[in-house]
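Predicted model only: the values in this text are computed from it and were never measured.
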Amino acid sequence: LIDSVDVGILLINQEGGVAFWNDTFLTQSNLSKQTMFDCKNIYSLQMHTDWSGLNLEKTGDTTQIINENLVVDRRITMLPDGNTLCTFTNVTSQHKYAETLKQNESWIRMITDNVPALIAYIGTNKNFLYTNKGYRDWYGVSEQDINDMPMDRSHLKEVYPNLIQYLRRVNQGEVVSFQSKEKNAHGDVGFLQKVYLPHFNECGDITGHFVFCLLYTSDAADERSSVD
């Protein structure tokens, strides 16, 4: 049964000798059973030419990339009897998924940072969870400062009372479009055409809303207002 789990197991005795291993460890280490019998200690084990490079040290990152097809979560534990238990859990698929998410996030950020619009994402608790570069540049806020900042304590605190009605509507699932007169990082007044777009999860619950803003000059804002 212990050979069928996707976790490599190696037990090292107090003298540094190899006391026990399972078949998964053989696969992960790239060693044969005969090699395991021949190696008297973990030093000779790690010096073997076929050794995959599994890290047996207590220090270092818990996640180790062995090759493109094997990533392990390693745990080195000193047992009460003085022996050392090493476990290597195969997390290759999870690691690849996480890397894909990072790449997608980077790709999306690159796109949103280069569109001529101010974009943000705000949670149902009315805290900022994301802003694009255009948004941060116009308002003069840093990504570090704005992340998880409540709207009523942010750069929007002066206009926040005017936004409450629109926040209430978007949190009820309505797409809301309106104009807002606000100041930029230099104190100059700008007219923003804003759209609040509700974000629903797979269960149909609202988890937040997107903010899309386009900047207009005062003349353009007046013209739009007269048309509207």
Side-chain angles (χ1 to χ4, degrees), residues 1-114 121 123 125 127-133 142-148 199-205 207-208:
L1 179 63
I2 200 170
D3 285 327
S4 63
V5 298
D6 203 15
V7 179
I9 300 173
L10 175 68
L11 184 65
I12 305 170
N13 62 31
Q14 300 178 41
E15 291 74 35
V18 178
F20 173 82
W21 67 88
N22 68 346
D23 287 348
T24 304
F25 177 80
L26 292 180
T27 302
Q28 294 174 343
S29 64
N30 200 38
L31 299 180
S32 66
K33 286 186 179 180
Q34 188 59 51
T35 300
M36 295 296 294
F37 285 121
D38 292 342
C39 292
K40 303 301 181 182
N41 52 55
I42 59 171
Y43 176 76
S44 57
L45 199 70
Q46 295 174 95
M47 291 299 293
H48 196 278
T49 55
D50 293 334
W51 179 249
S52 66
L54 286 172
N55 186 0
L56 304 181
E57 299 295 328
K58 296 178 184 178
T59 58
D61 294 337
T62 56
T63 300
Q64 182 183 7
I65 301 175
I66 306 303
N67 54 55
E68 63 180 8
N69 296 314
L70 179 60
V71 181
V72 296
D73 176 73
R74 61 182 202 90
R75 305 289 170 167
I76 314 298
T77 306
M78 179 70 73
L79 302 179
D81 60 4
N83 293 336
T84 301
L85 177 64
C86 307
T87 61
F88 303 91
T89 304
N90 189 333
V91 294
T92 307
S93 59
Q94 297 94 315
H95 179 78
K96 288 183 177 180
Y97 178 70
E99 289 299 308
T100 299
L101 285 180
K102 288 180 181 178
Q103 292 174 3
N104 288 344
E105 181 181 351
S106 176
W107 181 70
I108 293 172
R109 186 173 292 274
M110 179 187 69
I111 292 175
T112 58
D113 280 347
N114 288 279
Y121 182 84
N125 60 356
N127 286 10
F128 282 92
L129 301 181
Y130 168 78
T131 53
N132 75 337
K133 185 176 183 299
S142 68
E143 185 173 11
Q144 181 178 0
D145 290 339
I146 193 63
N147 280 353
D148 209 33
H199 178 216
F200 298 90
N201 63 16
E202 57 187 12
C203 297
D205 300 320
T207 59

Task: pair M36-L26: side-chain heavy atoms closer than 4.5 Å - done: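 When only atoms from C-beta onward are counted, L26 and M36 do touch, with a gap below 4.5 Å.
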Task: Heavy-atom side-chain contact between D73 and Q64 under 4.5 Å - done: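 When only atoms from C-beta onward are counted, Q64 and D73 do not touch, as no gap falls below 4.5 Å.
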TODO: Evaluate side chain to side chain contact (heavy atoms under 4.5 Å, CB included) for I76 paired with T84, printing each intermediate quantity in order.
DONE: CA-CA 7 Å; I76 314 298; T84 301; 3.6 Å; yes
So how far is it from [X] [atom1] to [Y] [atom2], rounded to the nearest 0.5 Å?
X   : Y   : atom1 : atom2 : result
F88 : N22 : CZ    : CG    : 10.5 Å
W21 : F37 : CH2   : CZ    : 4.0 Å
S44 : D38 : OG    : CG    : 9.0 Å

TODO: Would you sort out whether V7 and T24 count as a side chain to side chain contact (heavy atoms under 4.5 Å, CB included), showing the intermediate values?
DONE: CA-CA 6 Å; V7 179; T24 304; 5.7 Å; no
Task: Exercise: do S32 and T35 side chains pair donor with acceptor under 3.5 Å - done: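 Short answer, yes.
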Between [X] and [Y], which heavy-atom pair has the shortest distance, and what is it?
X    : Y    : answer
N132 : Y130 : CB-OH, 3.5 Å
F128 : T131 : CD2-CG2, 3.9 Å
C86  : I12  : SG-CD1, 3.8 Å

Table please: side-chain donor-acceptor pairs of residues 49-63 below 3.5 Å, with sequence neighbours left out.
unit_1 : atom_1 : unit_2 : atom_2 : d
S52    : OG     : Q28    : O      : 2.7
N55    : OD1    : E57    : N      : 2.9

Open item on the list: What verdict does the side chain to side chain contact (heavy atoms under 4.5 Å, CB included) test give for H95 and I65, after you've listed the backbone C-alpha separation in whole Å, the side-chain angles of each residue and the deciding distance to 0.1 Å?
Closed with: CA-CA 9 Å; H95 179 78; I65 301 175; 3.7 Å; yes
Open item on the list: Test your reading of the model: is there a side-chain donor-acceptor pair from N83 to the backbone of Q14, 3.5 Å cut-off?
Closed with: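 Looks like yes, one N/O pair under 3.5 Å.
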TODO: Spell out, as yes or no, whether a donor-acceptor pair under 3.5 Å connects the side chain of Q46 to the backbone of I42.
DONE: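 At least one qualifying donor-acceptor pair exists.
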Open item on the list: Suppose we screen for salt bridge (charged side-chain N to carboxylate O under 4.0 Å, His left out). Which residues come up paired with K133, at least two apart in sequence or across chains?
Closed with: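 K133 satisfies salt bridge (charged side-chain N to carboxylate O under 4.0 Å, His left out) with D137 only.
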Task: Residues forming a salt bridge (charged side-chain N to carboxylate O under 4.0 Å, His left out) with D145, sequence neighbours excluded - done: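 None.
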Using the side-chain contact (heavy atoms from CB on, under 4.5 Å) criterion, which residues pair with [X]? Sequence neighbours excluded.
X    : value
T207 : Y121, H199, N201
N147 : E143
L85  : I9, L11, L79, T87

Task: Derivation of the side chain to side chain contact (heavy atoms under 4.5 Å, CB included) call for T92 and N69 - done: CA-CA 7 Å; T92 307; N69 296 314; 5.7 Å; no
